[in-house]
Amino acid sequence: MKNGTIWYDNHGETIQAHGGAIIQYNEVYYWYGEHKGKPNIPGKQAVPLIGVSCYSSPDLIHWEYEGLALSAVPNDPDSPLAPDHICERPKVLYCEKTDTFVMWMHLDNPARTYAGAGVAIADDPRGPFTFLSSMKPNRLDSRDMTLFQDSDGTVYLVHAANYNRTLYFSSLTDDYTALTGLTFPVLIDQYREAPAIMKKDGTYYMISSGCTGWSPNSALYAEADYLIGPWKLIDNPCEGPNYRQTFGGQSTYIFYVNDQPHLMLDHWNAEHLQDSGYSILPITFDHNLLTVRWQNEFMPLASVNRNEEIRK
Ligand code: GAL
């Protein structure tokens, strides 16, 4: 899988899982993302809402399309999932307590002035997910978002608020379907979006992008000893060609292949969103600095072997 290009599923169709996330469950990887498989609306950098797709794979290379995990609602113009609405950056976690899969997403109206979050649940990782609700979390905006599960099990919705000025961590109830009311801002007035978060050796790391729509910009990473902060912006973690523009991509999620963290990137093609590409790159630590080094190909097994060599 050549990084920075369009990827294909087992049937030669383009993988439509943008702004997404990969989880592992019972030895199978599931990739959720925005299905953008329609031509752009004439004159717009947008496609009609199709829904959230799900792909499965035993090896992160061969992907089987499992259909729409959450579908747009074509016949109800008031639905948050109506075809002219926005449903972006879906993230899914498995909740052991309720034995369900919980999906959170950015929901918006066509003008993108609502800035809310949605939640849906399913018994099967492939869906179909049942839509539960659309909300303004703790009365705040929620544009670009992710889910982060801390080592104590607490799950946070991490969302860009105040017109993208500031990211908030808002904790979820233990069934992951609602907000507890606890919320705190981080990176105040820094205008960061596309957050992707991990924890290593007691330190939290967040990779994010600047706010330039579909156009790439410099990634930055921040670190903190406590989730509540202080979060310190450290550096651009990218190394390689076009590193100042995140190799032409934008962060969306960090997942693990065995113990090796990997960063997923979207390579948006604003005029033909359905032809947007992907990269998956291993995250390493060089002299305690988080580093995302360009590789022409995503080779999950190779990066696992490399990780084992590092451990030796
Ligand atoms: C980006 C954001 C994407 C999408 C896009 C629309 O900044 O990360 O998820 O919302 O803007 O222009």
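Treat the numbers as computed from the prediction; the structure is a model and nothing was measured. Computed from heavy atoms alone, side chains included, the values below leave out hydrogens, waters and symmetry copies. We count ligands from 1, going down the list as the structure has it; atoms in each ligand are counted the same way.
The side-chain contact (heavy atoms from CB on, under 4.5 Å) with Ile197 is formed by just one residue from the set Ile254, Val158, Asp150, Leu147; it is Val158. When each of Tyr32, Tyr94, Phe255 is checked for a ring pair (Phe, Tyr, Trp, His ring centres under 6.0 Å) with Tyr25, only Tyr94 meets the rule.
Between Phe184 and Phe169, the ring centre distance stays below 6.0 Å.
At a heavy-atom cutoff of 4.0 Å, ligand 1 is contacted by the side chain of Glu193 but not by its backbone. Only the side chain of Arg112 comes within 4.0 Å of ligand 1, judged by heavy-atom distances. With a heavy-atom cut-off of 4.0 Å, Arg89 touches ligand 1 through its side chain alone. Residue-level proximity to ligand 1 for His106 is absent, since no heavy atom of it falls below 4.0 angstrom.
The shortest N or O to N or O distance between Asp144 and ligand 1 is under 3.5 Å. Checking only distances, Glu88 does come within under 3.5 Å of ligand 1, N or O to N or O.
With hydrogens and angles disregarded, a donor-acceptor distance shorter than 3.5 Å links the side chain of Asn109 to the backbone of Arg112.
Taking 4.0 Å as the cut-off between side-chain N and carboxylate O, Glu297 and Lys2 do not count as a salt-bridged pair.
The protein atom (non-hydrogen) at minimum distance from atom 11 (O) of ligand 1 is Gly213 CA, 3.5 Å.
In this structure, the side chains of Gln250 and Thr252 stay at 4.5 Å or more apart for every pair of heavy atoms.
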